[in-house]
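Fair warning: this is a prediction, and the values are worked out from it, not measured in the lab. Start at 1 with the first residue, then count along the sequence.
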Amino acid sequence: GSLSTVEFKVAALLDGGVTAPARVQRERLVAIDAEVQRMTRLVDDLIDVGRLETGEVTPRLTPVSVAKLVRRVLSTIDAGERTFDIDVPDDLPAFVTDSAMVERTLTIVIGNACRFAPVDRPVRITAGVTGDDLEILVIDRGPGIDRSRRAVLLEPVSWRGEANGVDLSLRVVSGFVKVLGGELRFEDTPGGGLTVVIEFPLHP
C-alpha cells in the first residue's frame, strides 16, 4: 500500500541520506511529499463521505463571492505546467452558501481537471448566472468520464464500491452539492474532455 511506499522511501533517505547527492535527496523528498498529499486527500475524502452518509454535514450559509472563491482555490492548487483560462467576472452577484464546502468542491473538481488535462491545454473555468442559479463550469480536454460511470457517481452518497481516489473525491463533490441544494452534471467537452457543471441556488 501507499504507507509502505512512503516508509520505504523514508528508510532509503535515512539510510543513504548522508551519501546521496543533494539532487537525489530532493527528488526522494518530493516523491514522499506527493505521496503524503495524495494519502491526506484520500483520508479527507473518506471522512467526508462518512459524514455525508451519517447526515453530519450542516452547511453554514453566508453570502459568498464566486470570483474570490475561485481565486482562493487556484492559489492552493499545484497545477504544475498547466495554465488556467478563467472567465469569472468580479461583478457576479454574491450567492448564499457554505463557502468552505464550495471551496472543497471546487478544489476537488479543478484538481482532477489538472490531473487529467493535457499539459499544453488550459483548464477553463467560467461562471455566470442563469435565472435564480449561479453556474460554475470547469472544462478540461482530458479523457473524460464514461457515460455509464457518470450515473453511478451521481447516485446517493450511500454508494459503495471499489472506489479509486477520483471516484471517491467525486462522491464528496456530489454529496456537498446536494446538501447545498445545487445540481451537479458531467457533460462532454466539445472536441473531447469533461465539462463539470455545478449549479448553486443564489438564495437557497
Gap between atom CD1 of Ile125 and atom CG of Leu137 - 0.5 Å precision: 10.5 Å
How far does CG of Leu194 sit from CG of Asp140, to the nearest 0.5 angstrom? 5.5 Å
Separation between OG1 (Thr97) and CG (Leu180), nearest 0.5 Å, reads 4.0 Å
Spatial distance of atom OG1 (Thr62) from atom CZ (Arg60) [nearest 0.5 Å]: 10.0 Å
May I ask you to check whether over 12 heavy atoms, not counting those of Glu56, lie within 6.0 Å of atom CD? yes
Atom of Val138, atom of Ala113 and distance for their closest heavy-atom approach: CG1-CB, 4.0 Å
Taking the side chain from Arg82 and the backbone from Cys114, do they hold a donor-acceptor pair closer than 3.5 Å? yes
Is there a side-chain contact between Thr126 and Arg124 in this structure, where contact means two heavy atoms from C-beta onward sitting under 4.5 Å apart? yes
Would the distance check show the side chain of Arg141 and the main-chain N or O of Ala117 forming a donor-acceptor pair, the cut-off being under 3.5 Å? no
Counting distance only, does the side-chain N/O of Thr107 pair as donor-acceptor with the main-chain N or O of Glu103 below 3.5 Å? yes
Asp133 CG to Ile198 CD1 distance, which is reported to the nearest 0.5 Å: 13.0 Å
Please report the closest heavy-atom contact between Val177 and Glu199, naming both atoms and the distance. CG1-O, 4.5 Å
Hey, is Arg185 close enough to Glu135 for a salt bridge, meaning N to O under 4.0 Å? yes
Starting from Leu106, can I reach Val64 by hopping between I/L/V/M/F/W/Y residues whose side chains sit under 4.5 Å apart? yes
Can you tell me how far apart CZ (Arg104) and OG (Ser99) are? Round to the nearest 0.5 Å. 14.0 Å
State plainly whether the residues Lys68 and Asp90 are in salt-bridge range, i.e. N to O under 4.0 Å. no
Do Asp188 side-chain atoms and Pro190 backbone N/O form a donor-acceptor pair below 3.5 Å? no
Same apolar cluster (I L V M F W Y, side chains within < 4.5 Å links), Val73/Met101: yes
Check the hydrophobic clustering (I, L, V, M, F, W, Y; side-chain heavy atoms under 4.5 Å; chains of links allowed) and say if Val109 and Ile86 are grouped together. yes
Same apolar cluster: Val129 and Val88, side chain cutoff 4.5 Å: yes
Do the side chains of Asp78 and Arg115 get close enough for a salt bridge, i.e. N-O under 4.0 angstrom? no
Heavy-atom pair of closest approach, residues Leu92 and Gly128: CD2-CA, 4.0 Å
With sequence neighbours left out, write down each residue that passes ring-ring contact (aromatic ring centres under 6.0 Å, His included) with Phe200, or none if nothing qualifies. Phe95
Hydrophobic clusters here meaning ILVMFWY residues chained together by side-chain heavy-atom distances under 4.5 Å, can you tell me if Leu69 and Leu134 are in one? yes
Note: Ala94 and Leu202 closest approach over all heavy atoms is O-CD2, 4.2 Å
Do Val197 and Phe186 pass the side-chain contact (heavy atoms from CB on, under 4.5 Å) test, and can you show the C-alpha distance, the side-chain angles, and the key distance before you say yes or no? CA-CA 6 Å; Val197 183; Phe186 300 122; over 6 Å; no
Determine yes or no for a side-chain-to-main-chain donor-acceptor pair under 3.5 angstrom, with Asp85 supplying the side chain and Val123 the backbone. no
Tell me, please, which residues at least two apart from Thr195 pass side chain to side chain donor-acceptor pair (under 3.5 Å). Thr189
